[in-house]
There are 2 protein chains.
Amino acid sequence: MFYTIGEAAKILDVAPSALRYYDKEGLLPFIERSESGLRMFKESDIDWLKIIECLKATGMPIKGIRRFIECAREGDGTIKERLEILKTQRENVIRQIEEIQAHLEMIDYKVWYYSEALKAGSTEALKDYPEQNIPEKFRRYFRKS
Amino acid sequence: MFYTIGEAAKILDVAPSALRYYDKEGLLPFIERSESGLRMFKESDIDWLKIIECLKATGMPIKGIRRFIECAREGDGTIKERLEILKTQRENVIRQIEEIQAHLEMIDYKVWYYSEALKAGSTEALKDYPEQNIPEKFRRYFRKS
DNA sequence: ATATAAGTTAAACCATACTTTAAGTCAATA
DNA sequence: TATTGACTTAAAGTATGGTTTAACTTATAT
């Protein structure tokens with residue numbers, strides 16, 4: 001029925017200290033305590049923590065996540081705000097994917113570059129490459145001299 | 001021919017203090033100085049900084065970037081190591097994209113969830129949804145009660 | 001009953017990546 | 001030539017997201 005903080009931490013693959021930190025920052029207002037003060041994590045608390053993980057991993061700061069949690073506690077009057085928060089985060093994530101894919105292209109170019117350099121035994125050789133020898137998708141990264 | 005630190009910072013859209021920090025951390029050993037000690041950024045230095053930006057934005061720590069730069073300075077004997085670094089980073093980036101796409105799916109589910117809740121005027125209504133009313137791709141996130 | 005493993009808090013500490021400050025030098029323009 | 005804006009450094013400060021420590025309590029197994 002309930003998990004201890006150590007069990008919850010293991011399920012979520014985080015340190016117990018991280019869960020205590022989230023609690024202190026107001027991210028876990030829903031966690032019940034035993035009579036002696038121990039945190040008792042329900043299945044639904046684990047679900048909440050997965051959402052927290054998701055928002056955190058996609059770059060939302062702790063304070064932003066707290067606002068979202070607070071809204072959820074306030075009830076149906078905040079549905080619109082919660083939707084707005086998530087839609088905004090969705091846009092952020094889409095932008096992140098675009099950016100990281102652009103960075104991947106540059107890394108792909110560099111992998112190609114050093115693969116060629118390894119074959120040639122030096123990076124000097126690449127400077128004499130005629131434009132035709134450079135895969136088209138990499139030409140935008142290639143600057144002579 | 002040369003850019004000042006302020007000009008370079010504007011081109012790269014970073015703060016001059018960030019460039020000074022990178023220099024202090026050993027990321028910019030190639031930057032020349034004027035007789036009076038001012039940094040002079042060449043076009044090729046801007047290219048290096050774009051690579052630094054790329055590695056940094058894809059999660060490589062400053063120390064990792066420094067190692068890569070050091071290798072480049074050491075010359076052709078480090079081509080293999082540089083290639084390894086970039087291949088490893090490429091794998092990291094691919095994993096990052098996969099993870100963020102998984103997170104996007106969860107956010108998409110939440111956007112759907114609160115869109116439905118907004119229509120219904122409450123989140124309670126969703127708890128009575130029959131499985132058929134939940135888009136298939138979201139069912140894995142939907143837990144009753 | 002008692003040892004030990006795991007829980008509690010507040011407060012201090014850490015890592016990363018910068019930014020800001022202070023005190024001073026340099027460069028460009030009126 | 002004087003002033004203003006941009007540069008220099010070292011050192012301190014900031015923000016974020018935790019972890020660690022110390023002192024203590026609780027839970028579990030023998």
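To find a chain, count down the sequence lines: A is the first, B the second, and so on, and within it residues start at 1.
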- With no hydrogens and no angle check, is any side-chain donor or acceptor of A:D76 less than 3.5 Å from a backbone partner on B:T123? yes

- Rounded to the nearest Å, what distance is computed from the CG atom of residue B:D23 to the C1' atom of nucleotide D:dT9? 12 Å

- Item | Separation of D:dT8 P from B:R33 CZ (nearest whole Å) | 6 Å

- Query: So which pairs with a foot in residues 87-104 of chain A pass salt bridge (charged side-chain N to carboxylate O under 4.0 Å, His left out), sequence neighbours left out?
  - Reply: A:R90-B:D108

- Residues from residues 34-42 of chain B sitting under 4.0 Å of DNA chain C, heavy atoms only? B:S36, B:L38

- Message: Out of the candidates A:I94, A:T58, A:I65, only one should pair with A:Q89 under the side chain to side chain contact (heavy atoms under 4.5 Å, CB included) rule; please name it.
- Response: A:T58

- Task: Please identify each residue that fulfils side chain to side chain contact (heavy atoms under 4.5 Å, CB included) with B:S17, with sequence neighbours left out.
- Result: B:A15

- Could you tell me how the ring of A:Y114 sits relative to the ring of B:F68: parallel (under 30°), tilted (30 to 60°) or perpendicular (over 60°)? perpendicular

- Nucleotide D:dT8, atom C1' - distance to CD1 of B:I31 in whole Å: 15 Å

- Co-members of the apolar cluster containing A:L38 [side chain, <4.5 Å]: none

- Mind checking which nucleotides bracket the chain A contacts on DNA chain C, 5' to 3', with an atom under 4.0 Å from a heavy atom? C:dG7 to C:dT9

- Item | Side-chain donor or acceptor of A:T78 paired with backbone N/O of A:E81 under 3.5 Å | no

- Item | Non-neighbouring partners of A:I97 that pass side chain to side chain contact (heavy atoms under 4.5 Å, CB included), sequence neighbours left out | A:V93, A:Q101, B:I100, B:Q101, B:L104

- Just by modelled atom types, is the A:E131 backbone N or O under 3.5 Å from a matching donor or acceptor in the A:R139 side chain? yes

- Task: Classify the nucleic acid contact of A:K24 as base, sugar-phosphate or nothing, counting any heavy atom under 4.0 Å across all strands shown.
- Result: nothing

- Message: Please give me every residue in residues 2-20 of chain B whose heavy atoms get under 4.0 Å of an atom in DNA chain D, ordered by residue number.
- Response: B:T4, B:I5, B:G6, B:R20

- Task: Tell me, please, which residues at least two apart from B:E32 pass side chain to side chain donor-acceptor pair (under 3.5 Å).
- Result: B:K42

- Excluding sequence neighbours, so at least two apart, what forms ring-ring contact (aromatic ring centres under 6.0 Å, His included) with A:Y22? none

- Query: With no hydrogens and no angle check, is any side-chain donor or acceptor of A:R33 less than 3.5 Å from a backbone partner on A:M40?
  - Reply: no

- Message: Cation-pi check for A:Y21 against A:K24: NZ or CZ below 6.0 Å from the six-membered ring centre and within 45 degrees of the axis, yes or no?
- Response: no

- Note on the structure: Residue set satisfying side chain to side chain donor-acceptor pair (under 3.5 Å) with B:Y109, at least two apart, ordered chain then number -> none

- Task: For side chain to side chain contact (heavy atoms under 4.5 Å, CB included), just list the numbers for A:V14 and A:L49, CA-CA rounded to whole Å, side-chain angles, deciding distance to a tenth of an Å, and then say yes or no.
- Result: CA-CA 11 Å; A:V14 298; A:L49 276 159; over 6 Å; no

- Query: How sharply is the helix from C:dA1-D:dT30 to C:dA30-D:dT1 bent, taking the axes over five pairs at either end and rounding to 10 degrees?
  - Reply: 10°

- Query: So, is A:R66 near the phosphate of D:dG17, with a side-chain N or O under 4.0 Å from OP1 or OP2?
  - Reply: no

Please write out the pairs of protein N or O atoms and N or O atoms of nucleotides 13-16 of chain D separated by less than 3.5 Å, giving the distance to one decimal.
none

